[in-house]
*Asks:* 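Quick one: the structure is below, questions incoming.
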Protein chains: 2
Amino acid sequence: MTAWKLGKGVLWMQNKNEFVEQLKQRGYKLTKQRQAILDVFMELERPLATAQHIFEKVVEINPGINFSTVYRNLDMLVQEGIVRKITFDQGAAYYELIDGGHHHHLICKGCGKVQCVEYCPLGDMPMKEGFVPIDHSFEIFGFCEECVRTKLLDDERRRERE
Amino acid sequence: MTAWKLGKGVLWMQNKNEFVEQLKQRGYKLTKQRQAILDVFMELERPLATAQHIFEKVVEINPGINFSTVYRNLDMLVQEGIVRKITFDQGAAYYELIDGGHHHHLICKGCGKVQCVEYCPLGDMPMKEGFVPIDHSFEIFGFCEECVRTKLLDDERRRERE
DNA sequence: GCACGCTATGCAAAACATTCCCATTTTATC
DNA sequence: GATAAAATGGGAATGTTTTGCATAGCGTGC
């Protein structure tokens, strides 16, 4: 239901209103900053974004917004189950909208491209007796088709040189 | 083959020598600091440890060691395929010995206890055409048996109070 | 429309993990 | 023991995230 999945403008706004209603009902105030952050999430061209990335986008809509505000609202959105926070490298955390769909990611070590996969391992996994799973992470790192081609070419050139 | 898995003292040292040989062969020098770090890894009581945790343990063996040295050697061990680095929360990264076995983790959100699971989802997952997987992460968060009991009791008490 | 209470924001500083630089020390080799 | 190369210690720098506090802005009741 976000840009990179459906690309249907109408739905976004519908969803934004839903979100706004949810937030109001839970006692949150609707500030310009929050709206800007939600807007940015709705229009992300890639599934995952860092706080930095989101901040940069939000600044375009609402110049003068502070980084703390972005972080505070990201935390809030995570708390409220609207956004998922995932970390897979030592650097910055990534955030993504939870728009009904649960999915995992193929992450290219070459170009950084992220693709979503529908398969979820939790069903196939024999759960340990007594352990109650709440959440899980599953990310696959490797090389996408284009990068494999590039890499193979590079390796070939390197061998020629040596 | 580490303490928390087999608990057989003899094996550790055997393995340490193996490691040391491997490192020497690859052109690394055997410093006191490196030995201390390896020793610490062999004796970890839990599978996952942060750089901070490792540093603290190493200091006991080799006081005066610097944090940079620990980080540099952790990087080296990861590079050489002796240690795996995993990140699942925004804080510090975790390190674990790769002692032949590939496994994933059940991480308790209550007490922080980490249990290893042998199941690996990569085989069951239909891989996207053209993508070449190199590495992956799969961590399950939830509550362990003890914490579930505690949590259930807590919830009960809370309901009684309200 | 206005005042009020509470929440959210901006700002600056702190906290934290990690990396980098460089002078000095240590290791392996001869 | 001398030497070259590699590793270390120390401290500063970096990048991300959190925090405290004064001020501003939102939503509610009048």
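Computed from a prediction, not measured in an experiment: that's the story for all the values here. Each chain gets a letter, A, B and so on, in the order its sequence line appears, and its residues count up from 1.
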*Asks:* May I ask you to test the B:V83-B:F41 pair for a side-chain heavy-atom distance under 4.5 Å?
*Replies:* yes
*Asks:* Look only at the side chain of B:R26 and the backbone of B:E80, and say whether a donor-acceptor pair between them is shorter than 3.5 Å.
*Replies:* yes
*Asks:* I'd like a list of close polar pairs between nucleotides 28-30 of chain D and the protein, N/O only, cut-off under 3.5 Å.
*Replies:*
none

*Asks:* Under the rule for salt bridge (Lys or Arg N to Asp or Glu O under 4.0 Å), what residues qualify as partners of B:E146, not counting sequence neighbours?
*Replies:* B:K113
*Asks:* Which distance, rounded to the nearest 0.5 Å, do you find between the CG of B:N66 and the CD of B:Q33?
*Replies:* 9.5 Å
*Asks:* Please answer: with hydrophobic residues joined when any side-chain heavy atoms are less than 4.5 Å apart, are B:V148 and B:V114 in the same cluster?
*Replies:* no
*Asks:* With no hydrogens and no angle check, do the side chains of A:H104 and B:H136 hold a donor and an acceptor under 3.5 Å apart?
*Replies:* no
*Asks:* Expressed as a whole number of angstroms, how long is the span from B:Y28:OH to D:dA7:P?
*Replies:* 7 Å
*Asks:* Tell me, which pairs form a side-chain hydrogen bond (donor to acceptor under 3.5 Å, both in side chains) where one or both residues lie in residues 53-65 of chain A, sequence neighbours left out?
*Replies:* A:Q52-A:E56
*Asks:* Taking CD from B:Q90 and C1' from D:dG15, how many angstroms apart are they, rounded to a whole number?
*Replies:* 15 Å
*Asks:* Would you grab the first and last nucleotide of DNA chain C (5' to 3') that comes under 4.0 Å of any non-hydrogen atom in chain A?
*Replies:* C:dG5 to C:dT19
*Asks:* Under 6.0 Å from the six-membered ring centre of B:F143 and within 45° of its axis: does the NZ or CZ of B:K151 meet both?
*Replies:* yes
*Asks:* With the side chain counted from C-beta on, respond yes when B:R34 and B:T31 share a heavy-atom pair under 4.5 Å apart, and no when they do not.
*Replies:* yes
*Asks:* Among Ile, Leu, Val, Met, Phe, Trp and Tyr joined by side-chain contacts under 4.5 Å, find the other residues sharing a cluster with B:Y119 and list them by chain and number.
*Replies:* A:L106, A:V117, A:Y119, A:L122, A:M125, A:M127, A:F131, A:F138, A:I140, B:L106, B:V117, B:L122, B:M125, B:M127, B:F131, B:F138, B:I140
*Asks:* Nearest whole angstrom, please: distance from the C1' of D:dT16 to the OH of A:Y95.
*Replies:* 10 Å
*Asks:* Specify the angle, to 10°, made by the local axes at the two ends of the helix from C:dG1-D:dC30 to C:dC30-D:dG1 when five pairs are taken at each end.
*Replies:* 30°
*Asks:* What residues form a side-chain contact (heavy atoms from CB on, under 4.5 Å) with A:Q90, not counting sequence neighbours?
*Replies:* B:K85
*Asks:* B:Y28: what forms a ring pair (Phe, Tyr, Trp, His ring centres under 6.0 Å) with it, not counting sequence neighbours?
*Replies:* none
*Asks:* Under a 4.5 Å side-chain heavy-atom rule over Ile, Leu, Val, Met, Phe, Trp and Tyr, are A:I82 and A:L48 clustered together?
*Replies:* no
*Asks:* Rounding to an integer number of Å, can you tell me how far A:H53 NE2 sits from D:dG15 P?
*Replies:* 18 Å
*Asks:* Restricting to ring pair (Phe, Tyr, Trp, His ring centres under 6.0 Å), what partner residues turn up for B:H105, sequence neighbours left out?
*Replies:* B:H103
*Asks:* Nearest 0.5 Å, what's the OG-CG distance between B:S68 and B:D75?
*Replies:* 11.0 Å
*Asks:* For DNA chain D, what residues of residues 79-89 of chain A have any heavy atom nearer than 4.0 Å?
*Replies:* none
*Asks:* Among residues at least two apart in sequence or on other chains, which ones pass ring pair (Phe, Tyr, Trp, His ring centres under 6.0 Å) with B:F88?
*Replies:* B:Y94, B:F141
*Asks:* Can you sort out which residues in residues 62-76 of chain A have a heavy atom within less than 4.0 Å of DNA chain C? Ascending by number, please.
*Replies:* A:G64, A:I65, A:N66, A:S68, A:T69, A:R72, A:N73
*Asks:* D:dG25, OP1 or OP2 - any side-chain N/O from A:Q33 closer than 4.0 Å?
*Replies:* no
*Asks:* Tell me: CZ of B:R26 to P of D:dA6, nearest whole Å?
*Replies:* 17 Å
